[in-house]
K.L.:
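Can you keep this structure in mind? I'll have questions shortly.
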Amino acid sequence: MSVRVRFAPSPTGNVHIGNIRAAIFNWLFARHEGGKFLLRVEDTDRERSTQEAIDTLLGCMAWLGLDFDEPTVFQSKQCARHLAVADELVRKGLAYKDNKGGGGECVIFRMPKEGRLEYTDLVKGTIKKKAEDTQDFVIVRSDGTPVFHLSNVVDDIDMAITHVIRGDDHVENTFKHIELFKAIGAPVPLYAHLPMIVNNQGKPYSKRDGAAFVGEFKEQGYLPDALFNFLLLLGWAPGDDREVLTREEMIALFTLDRCKSSAARFDVKKLVWMNGEYIRRQPREVFEAEFVSRVQAGGLSTEGVDLAGIMEQMQIRTKFYSELPASCAYFFTDAYAFDPKAVEKRLKVEGVTALLDEVAESYAALPIFDVQTAHETLTAMGESRGTGLGSMVHPVRVAVSGLTEGPGLFEMLVLLGRDKVCARLRDVAKRLRDGSL
RNA sequence: GCGCCCAUCGUCUAUCGGUUAGGACACAAGGUUUUCAUCCUUGGAAGCGGAGUUCGACUCUCCGUGGGCGCGCCA
């Protein structure tokens with residue numbers, strides 16, 4: 001039997017990370033089994049299911065590389081079929097009409113009244129329930145529209161779905177769905193329920209807890225592969241100590257029996273780490289393309305700089321592309337911004353103005369200007385002044401970059417070049433004197 | 001209230017009856033009186049409680065406790 005799974009979201013304009021994780025697990029399962037991954041848009045709520053919402057959904061899937069194997073099914077187009085199935089169930093006596101609500105006649109499905117219901121969940125094991133603890137439920141509303149349970153099951157039958165992999169919140173519904181499959185006379189698929197993603201309080205993770213939608217992570221500069229990998233590790237582990245996995249490794253290793261059945265807390269710190277990990281592992285050409293486009297988007301030119309050297313320094317310390325170009329603008333322009341706190345702490349200090357001029361003078365006099373000579377010069381100055389290297393390094397860094405963070409100071413100076421370094425040191429000294437900084 | 005499910009470091013997790021309970025994130029210290037980052041080393045940090053089964057339970061069973069989910073003519 002060939003595996004067929006589906007991702008069945010209702011398009012609301014946002015794609016929640018819990019939902020997309022279900023898509024990821026379905027996709028990985030299909031790819032691991034050599035089966036089909038399908039998309040069904042549950043767009044029965046016509047108000048919210050706009051074309052824009054559907055585009056957002058498709059965009060998120062494409063961004064994460066979740067390609068599907070057959071044309072998208074739109075649930076709204078299957079309505080007549082759902083109702084026909086309901087009629088058939090009524091005809092067979094497996095469902096009945098009722099008008100308890102007073103709003104007209106609805107169709108209600110009969111659940112077993114005695115005995116035990118149970119099914120084997122591929123991640124949670126055997127789930128049992130007494131028939132008496134279940135209730136008949138509406139499958140067609142009195143306005144003639146089919147209810148979720150009916151539509152969902154009929155569509156799964158029509159799409160020949162073999163495994164239903166979805167969120168934990170559906171475990172109870174599964175008893176209803178299985179009875180529907182049986183009543184309709186269709187083979188019951190296998191089920192796997194994924195644990196929820198929760199916040200620090202153990203409640204379902206929502207927008208109140210931070211970024212909760214795929215689009216937000218994209219905007220904040222997360223890489224799709226980093227988000228994908230991170231979400232996979234929420235509820236699944238390969239069994240060895242690997243955490244950063246290639247897509248190929250994930251596909252090869254993914255099995256449902258390695259999924260956890262307890263809820264996972266969303267820890268953004270680990271996602272941040274993983275994003276940096278992914279940026280560092282990108283081939284230099286890929287980093288370069290993104291780096292250059294960010295720098296240029298910031299109105300900066302990459303002409304006349306040691307781009308390769310700058311990128312070498314920046315790739316290992318960039319956690320988000322959105323930090324660019326602010327974190328390295330000083331490499332590309334003399335009109336770089338000064339961090340006010342850094343100015344206060346490192347430049348507006350007794351003796352610094354003179355120090356900057358002195359450093360510029362020493363650097364200008366060097367026969368060659370490289371990492372070693374730049375370093376030695378400052379060390380020697382620190383010794384002769386009896387203040388040590390630390391008291392020189394910080395003011396110089398802030399003067400030439402405006403920031404307190406960045407590459408090693410001497411690597412940074414060499415990348416800037418002696419002329420710019422000396423000019424900036426003198427200029428900052430001047431501005432400190434005339435109070436314009 | 002009734003039903004279902006879940007429970008290992010602060011967090012994500014490994015372990016599928018016998019381990020000094022391992023790894024990662026985060027944190028702390030060191031390599032590094034130049035920051036941040038990278039890299040390396042080191043450190044602290046866990047089996048919810050109680051019974052039972054067993055020669056031996058984190059692991060199996062039961063009872064508690066705590067948490068989550070479900071109980072719509074929402075999906």
Side-chain angles (χ1 to χ4, degrees), chain A residues 8-10 12 42-45 48 75 98-108 117 121 124-125 127-130 132-135 137-149 151-152 167-176 193 195-198 200-204 230 232-244 257-258 260-274 276-277 280 312-319 327 342 346 375 378-379 382 387-398 401 403-412:
Chain A
S10 44
T12 61
E42 306 213 328
D43 57 345
T44 50
D45 182 342
R48 301 171 78 185
Q75 191 164 66
D98 193 289
N99 64 348
K100 267 192 207 127
E105 226 170 32
C106 64
V107 179
I108 297 177
L117 305 179
D121 190 292
K124 303 178 90 74
I127 315 248
K128 301 173 186 166
K129 203 176 184 85
K130 290 204 259 318
E132 63 194 74
D133 290 324
T134 67
Q135 290 180 331
F137 58 96
V138 173
I139 54 175
V140 179
R141 300 186 189 89
S142 48
D143 68 0
T145 58
V147 167
F148 162 74
H149 303 296
S151 303
N152 195 266
D168 226 350
D169 48 336
H170 282 299
V171 296
E172 305 278 336
N173 288 337
T174 303
F175 291 104
K176 296 176 180 176
H193 288 96
M196 313 220 100
I197 296 177
V198 300
N200 292 331
Q201 285 77 245
K203 307 281 185 193
F230 175 75
L232 173 61
L233 259 26
L234 251 34
W236 180 87
D240 54 33
D241 289 337
R242 279 180 290 178
E243 299 218 308
V244 180
D257 60 12
R258 293 213 60 84
K260 285 251 300 183
S261 54
S262 52
R265 276 180 169 72
F266 184 89
D267 178 16
V268 76
K269 290 236 184 80
K270 187 154 184 174
L271 209 206
V272 171
W273 163 77
M274 190 164 280
E277 199 69 17
R280 256 171 265 129
E312 184 185 351
Q313 290 294 329
M314 294 312 295
Q315 184 164 7
I316 57 170
R317 68 188 75 239
T318 297
K319 286 246 189 316
S327 61
R346 301 296 187 190
H375 195 329
L378 276 207
T379 303
T387 56
L389 194 56
S391 63
M392 333 227 11
V393 153
H394 297 297
V396 171
R397 169 185 295 284
V398 175
S401 75
L403 305 173
T404 56
E405 300 173 2
L409 178 63
F410 305 109
E411 283 78 6
M412 178 199 286

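Residue numbers begin at 1 in each chain, while the letters A, B, ... track the order of the sequences. Values reported hereafter were calculated over all heavy atoms of this structure, with side chains retained and with hydrogens, waters and symmetry mates removed.
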K.L.:
Given C12(B), A75(B), A26(B), identify the nucleotide with an atom nearest to the side chain of His170(A).
P.N.:
A75(B)
K.L.:
Using purine N1 to pyrimidine N3 plus N6-O4 or O6-N4 for Watson-Crick, or N1-O2 and O6-N3 for G-U wobble, each under 3.5 Å, what pairs with A37(B)?
P.N.:
none
K.L.:
Does the base of C12(B) carry an N or O that pairs as donor and acceptor with the side chain of Arg265(A) under 3.5 Å?
P.N.:
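It does not, because no donor-acceptor pair links the side chain of Arg265(A) to the base of C12(B) below 3.5 Å.
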K.L.:
Polar pairs (N or O, both sides) under 3.5 Å between protein and nucleotides 5-8 of chain B?
P.N.:
| from | atom 1 | to | atom 2 | distance (Å) |
| --- | --- | --- | --- | --- |
| C5(B) | O2' | Lys124(A) | NZ | 3.0 |

K.L.:
Going by modelled atom types, is there a donor-acceptor pair between the base of A24(B) and the side chain of Lys270(A) at under 3.5 Å?
P.N.:
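It does, because a donor-acceptor pair links the side chain of Lys270(A) to the base of A24(B) below 3.5 Å.
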K.L.:
Any strand is fair game: report the nucleotide pairing with G43(B) by Watson-Crick or G-U wobble, both distances under 3.5 Å, or none.
P.N.:
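Its partner is C27(B).
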K.L.:
With the side chain of Lys129(A) defined as its heavy atoms from C-beta on, choose the nearest nucleotide among C4(B), U15(B), U11(B).
P.N.:
C4(B)
K.L.:
Would you indicate which nucleotide in C12(B), U35(B), U38(B) comes nearest to any side-chain atom of Leu233(A)?
P.N.:
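In terms of side-chain proximity for Leu233(A), the closest of C12(B), U35(B), U38(B) is C12(B).
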K.L.:
List the atom of Arg280(A), the atom of Lys319(A), and the distance in Å for their closest heavy-atom pair.
P.N.:
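Nearest pair, atom of Arg280(A) first, then Lys319(A): NH2-NZ, 4.1 Å.
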K.L.:
Of the listed nucleotides (C25(B), C39(B), U34(B)), which one gets closest to any side-chain atom of Asp267(A)?
P.N.:
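The answer is C25(B).
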K.L.:
Under 4.0 Å, heavy atoms only, any strand: does Gly408(A) hit a base, just the sugar-phosphate, or nothing?
P.N.:
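Touches a base.
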K.L.:
For Phe137(A), which residues count as a ring-ring contact (aromatic ring centres under 6.0 Å, His included) partner, sequence neighbours excluded?
P.N.:
Phe109(A), His149(A)
K.L.:
Give none if G1(B) has no partner; otherwise give the nucleotide forming a Watson-Crick or G-U wobble pair with it, both distances under 3.5 Å.
P.N.:
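C71(B) - that is the nucleotide pairing with G1(B), both distances being under 3.5 Å.
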